[in-house]
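As the structure is a computational prediction, the values presented were derived from the model and not from experiment. These values consider heavy atoms only, across backbone and side chains, with no hydrogens, waters or symmetry-generated copies.
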Amino acid sequence: MISLLMALMLSPADSIGDSRFILRDPLQGATPVTDKDLRPARQPYCRTEADVQRAVAQVRNGEPGDCFVKDAAAFNRRR
């Protein structure tokens with residue numbers, strides 16, 4: 001029995017000690033966020049009819065409008 005304990009105590013650390021411990025990766029600094037998107041600020045509502053017409057024309061040309069049109073019927077009106 002004593003010889004077994006002596007053999008375990010004198011054995012190299014590779015066979016007993018290192019196999020029991022799992023070392024974690026060292027902590028690193030802040031990691032960049034890659035899966036988030038930034039949304040633009042909400043556009044203000046159009047105040048005058050001229051603003052509405054300009055925004056409708058911009059949307060029809062494929063551009064983002066300068067202001068938000070509340071009434072969807074403005075897109076159906078003809079000039």
Side-chain angles (χ1 to χ4, degrees):
M1 181 76 168
I2 294 175
S3 62
L4 180 61
L5 289 175
M6 291 300 284
L8 288 176
M9 290 176 69
L10 296 176
S11 66
D14 294 338
S15 64
I16 296 175
D18 290 342
S19 64
R20 282 194 248 161
F21 298 108
I22 298 174
L23 299 177
R24 294 185 174 183
D25 291 335
L27 294 178
Q28 308 229 348
T31 56
V33 177
T34 57
D35 62 341
K36 303 291 181 189
D37 60 336
L38 297 176
R39 297 183 182 180
R42 185 174 177 175
Q43 296 174 336
Y45 289 112
C46 296
R47 294 182 182 177
T48 63
E49 186 62 30
D51 290 343
V52 170
Q53 292 302 319
R54 185 172 58 240
V56 168
Q58 289 172 344
V59 170
R60 286 185 180 155
N61 290 333
E63 305 169 5
D66 289 337
C67 56
F68 183 75
V69 180
K70 288 187 206 179
D71 186 15
F75 290 99
N76 296 331
R77 286 187 235 152
R78 297 290 175 193
R79 295 178 200 189

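Across all non-hydrogen atoms, the minimal contact from Pro64 to Gln58 is O-OE1, 3.7 Å. The shortest non-hydrogen separation linking Cys67 to Asp51 is SG-O, 3.7 Å. In plain terms, the two heavy atoms of Arg54 and Asp66 that are nearest each other are NE-OD2, 3.8 Å. Across every non-hydrogen atom of Ala55 and Cys46, the tightest pair is CB-SG, 4.0 Å.
Taking hydrophobic clusters as Ile, Leu, Val, Met, Phe, Trp and Tyr residues chained together by side-chain heavy-atom distances below 4.5 Å, Val52 shares a cluster with Val59. Val56 and Phe68 are assigned to two separate hydrophobic clusters, defined by single-linkage of ILVMFWY side chains at heavy-atom distances under 4.5 Å.
Using modelled atom types, one side-chain atom of Arg60 and one backbone atom of Phe75 make a donor-acceptor pair closer than 3.5 Å. Proximity of a side-chain donor or acceptor of Asp71 to a complementary backbone N or O of Ala73 within less than 3.5 Å is detected.
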